[in-house]
Amino acid sequence: MTAKGRDSKPHVGIFGRRNVGKSSLINALVGQDIAIVSDVAGTTTDPVKKSMEVHGLGPLIFIDTAGIDDIGDLGELRIKKSMAALKLIDLAILVISENRFEEHEVRLTEELDKLDVPFVIVHNKSDLTPVTPALREKVKSLTGREVAEYSAFYPGKYYPALLKMLKEAMPPTALRSRGLIGDLVKPGDIVLLITPIDIEAPEGRLILPQVQVIRDILDNDCTAIVLKEREVDSFMRRTAIRPALAITDSQVFLKADASIPRDIPLTSFSIILARQKGDFSEYLRGTPKIGDLKEGDRVLLLESCTHNVSCDDIGRVKIPRWLTNFTGKKLEFDTVAGLDSFPRPVEEYALVIQCGGCMVTHRQLLNRLREPKKHDIAITNYGMAIAYVHGIFNRATEPFTGKKENAGDQL
Ligand SMILES: Nc1nc2c(ncn2[C@@H]2O[C@H](COP(=O)(O)OP(=O)(O)O)[C@@H](O)[C@H]2O)c(=O)[nH]1
Ligand code: SF4
Ligand SMILES: [Mg+2]
């Protein structure tokens, strides 16, 4: 998968009527002609995703959508596709022009508010028609927002104000990749990383989570020692080094648990990433519910990718097998991919297990949990469920919860 890691950049969706200049605005923002611009209304059909560096904001993914006022059967479909993009984005730009803020715009802003998506309103083509005070007032009273004057034809003039507005509206969680281990270590600490090199390991390199953790260790002025699980025992025997923290691949957690002395905090790459990326407090609360599963309970697995899933057998084969073995119960498993709707009403599930989300944003993971959370369904994620069924959940989460008292893991 060449796109690995790229899609976790902040996503900005551009919405508005046909022909207001959505594609032109994207082009102006990035200073190059990527989006398709045309003077025939309705040229942009499917939402188009483009990864770009925006001067002053950093790397972003823009989603250029079709018009929210499209007509005909095809138009309906295009509107639907544009609305589906709302679930992917961290920030929306609503483009208007000619002082029009009517039913379409109102409906979109209501939808954005409903989904808690921050948005800015940009009045394009101001070189032709500047914003009127009446429009400003109308938008303010309907949405509580200001309107940014803009012209894609004169970016030099309007860009600084627009950029400032975008920066202010962008949620900090989308921009900053939150640290991974900074709160667990201090400068000079040694962190031991245990990474199996087996047939599942990619040829000639480490996987992204391992690389990210190594980078984070260096960013925190610590030292990383990377070794295979087979080497841990002899390393601990031969050297006097006492790591401040050990992080292992989930697949070899039991081996690491046995090899790393109990007083050295031990966790897994996937739990570190679950904390950075997903709804960690929800996972912490939901994971032990695995122990309460009953005969015939339904478990819903949420994969974030739609196809070419590199973690395919973890979600569809290994986790169901481990859960069945661990509980000794006959469980029913459903797996949904991407943004597909759940196969059954969410209330019918006893547990939801979310993937690690390596290809998507924090917000996309949270959005996916909206329904299960509303119905108070227990939620966990791949890495944490794996730790639990292997009996090392408490130890692996101790570094974050500080709860040493439940040191008695199962097994
Ligand atoms: N005068 C003027 N024309 C613009 C501006 N932005 C876009 N246009 C024109 O408006 C038409 C529609 O632009 P486009 O970006 O394809 O609109 P979209 O359908 O919203 O993506 C094109 O002919 C553009 O050249 C602007 O700021 N000023
Ligand atoms: S963990 Fe989720 S986001 Fe990552 S490859 Fe698997 S399905 Fe996709
Ligand atoms: Mg367009």
Side-chain angles (χ1 to χ4, degrees), residues 1-8 13-29 33-48 50 62-70 75 78 81-82 88 93-98 100 104 122-131 148-159 162 207-209 250 269-270 273-274 277-278 301-316 318-319 335-340 353-362 364-365 368 381-386:
M1 251 186 270
T2 50
K4 197 141 226 171
R6 203 179 64 183
D7 279 1
S8 48
I14 319 282
F15 302 87
R17 286 168 196 267
R18 287 167 297 162
N19 236 13
V20 291
K22 298 180 292 301
S23 302
S24 305
L25 181 105
I26 294 186
N27 292 344
L29 280 179
D33 261 349
I34 295 177
I36 311 158
V37 181
S38 151
D39 42 22
V40 181
T43 303
T44 307
T45 51
D46 272 2
V48 183
K50 292 286 174 196
F62 278 106
I63 305 182
D64 188 11
T65 65
I68 50 171
D69 61 337
D70 217 334
R78 290 195 283 249
K81 286 186 173 167
S82 302
L88 298 175
I93 300 178
L94 168 56
V95 185
I96 58 174
S97 69
E98 295 163 5
R100 292 181 74 184
H104 290 297
V122 176
H123 184 274
N124 192 38
K125 304 195 187 183
S126 284
D127 54 307
L128 298 178
T129 327
V131 179
E149 194 104 61
Y150 197 75
S151 167
F153 285 7
Y154 300 94
K157 178 171 173 194
Y158 296 102
Y159 182 71
L162 176 67
I207 59 171
L208 188 62
S250 306
F269 289 104
S270 40
L273 289 182
K277 202 77 186 264
L301 289 118
L302 299 179
E303 281 176 348
S304 299
C305 298
T306 34
H307 48 84
N308 282 343
V309 180
S310 61
C311 62
D312 197 29
D313 65 328
I314 298 200
R316 292 172 191 250
K318 289 184 181 165
I319 290 181
T335 306
V336 285
L339 294 176
D340 290 351
I353 311 182
Q354 185 166 47
C355 82
C358 56
M359 305 290 288
V360 298
T361 63
H362 174 58
Q364 287 164 23
L365 283 179
R368 203 59 179 142
N381 96 328
Y382 283 13
M384 298 179 75
I386 292 172

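Each ligand, and each atom within it, is numbered from 1 in the order the structure gives.
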### Task
Run the numbers on Leu273 and Cys358 for side chain to side chain contact (heavy atoms under 4.5 Å, CB included), then give the verdict.
CA-CA 8 Å; Leu273 289 182; Cys358 56; over 6 Å; no
### Task
Test Ile93 against Leu162 for side chain to side chain contact (heavy atoms under 4.5 Å, CB included), laying out the working first.
CA-CA 10 Å; Ile93 300 178; Leu162 176 67; 5.6 Å; no
### Task
Could you please spell out the steps behind the side chain to side chain contact (heavy atoms under 4.5 Å, CB included) verdict for Ser126 and Tyr150?
CA-CA 6 Å; Ser126 284; Tyr150 197 75; 5.5 Å; no
### Message
Show, in sequence, the C-alpha distance, side-chain angles and deciding distance for Val20 and Ile96, and conclude whether the side chain to side chain contact (heavy atoms under 4.5 Å, CB included) test is met.
### Response
CA-CA 6 Å; Val20 291; Ile96 58 174; 5.6 Å; no
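Atom OG of Ser304 is separated from atom CZ of Arg368 by 8.0 Å, given to the nearest 0.5 angstrom.
For ligand 1, the atoms lying closer than 4.0 Å to a non-hydrogen atom of Ser151 are 26 (C), 27 (O), 28 (N). Applying the 4.0 Å criterion to heavy atoms of Cys358 picks out, from ligand 2, the atoms 1 (S), 3 (S), 4 (Fe), 5 (S). Listed by number with element, the atoms of ligand 2 under 4.0 angstrom from any heavy atom of Gly356 are 1 (S). Of all the atoms in ligand 2, the ones that sit under 4.0 Å from a non-hydrogen atom of Met359 are 3 (S), 4 (Fe), 5 (S), 8 (Fe). Those atoms of ligand 1 that come under 4.0 Å of a heavy atom in Ser24, given as number and element, are 6 (N), 7 (C), 13 (O), 14 (P), 15 (O), 24 (C). Short contacts between ligand 2 and Cys355, defined as distances under 4.0 Å to a heavy atom of the residue, involve ligand atoms 1 (S), 2 (Fe), 3 (S), 7 (S). Residue-ligand proximity, Asp127 to ligand 1, at heavy-atom distances under 4.0 Å covers atoms 1 (N), 2 (C), 26 (C), 27 (O), 28 (N).
Contact between Ser151 and Asp127 at its shortest, heavy atoms only, is OG-OD1, 3.0 Å. The two residues Met384 and Ala274 come nearest to each other via the heavy atoms SD-CB, 4.1 Å.
By the criterion of a heavy-atom distance under 4.0 Å, both the backbone and the side chain of Asn19 are placed next to ligand 1.
The shortest N or O to N or O distance between Tyr150 and ligand 1 is not under 3.5 Å. For ligand 1, none of its N or O atoms has an N or O atom of Arg18 under 3.5 Å away. Considering both main-chain and side-chain atoms, Ser126 never comes within under 3.5 Å of ligand 1 through any nitrogen or oxygen pair. Below 3.5 Å of separation, one finds an N or O of Ala152 facing an N or O of ligand 1. Taking distance alone, with nitrogen or oxygen atoms compared against 3.5 Å, Asp64 stays at or beyond that limit from ligand 1.
Judged purely by atom type and a 3.5 angstrom limit, Glu149 uses its side chain to pair as donor or acceptor with the backbone of Val131.
With sequence neighbours left out, the side chain to side chain donor-acceptor pair (under 3.5 Å) criterion links Ser97 to no other residue.
Here Cys305 reaches atom 8 (Fe) of ligand 2: one of its N/O/S atoms is less than 2.8 Å from the metal. Among the atoms of Thr65, no N, O or S atom falls under 2.8 Å of the Mg ion (ligand 3).
Taking a cutoff of 4.0 Å between a charged side-chain nitrogen and a carboxylate oxygen, Asp64 and Lys22 do not qualify as a salt bridge.
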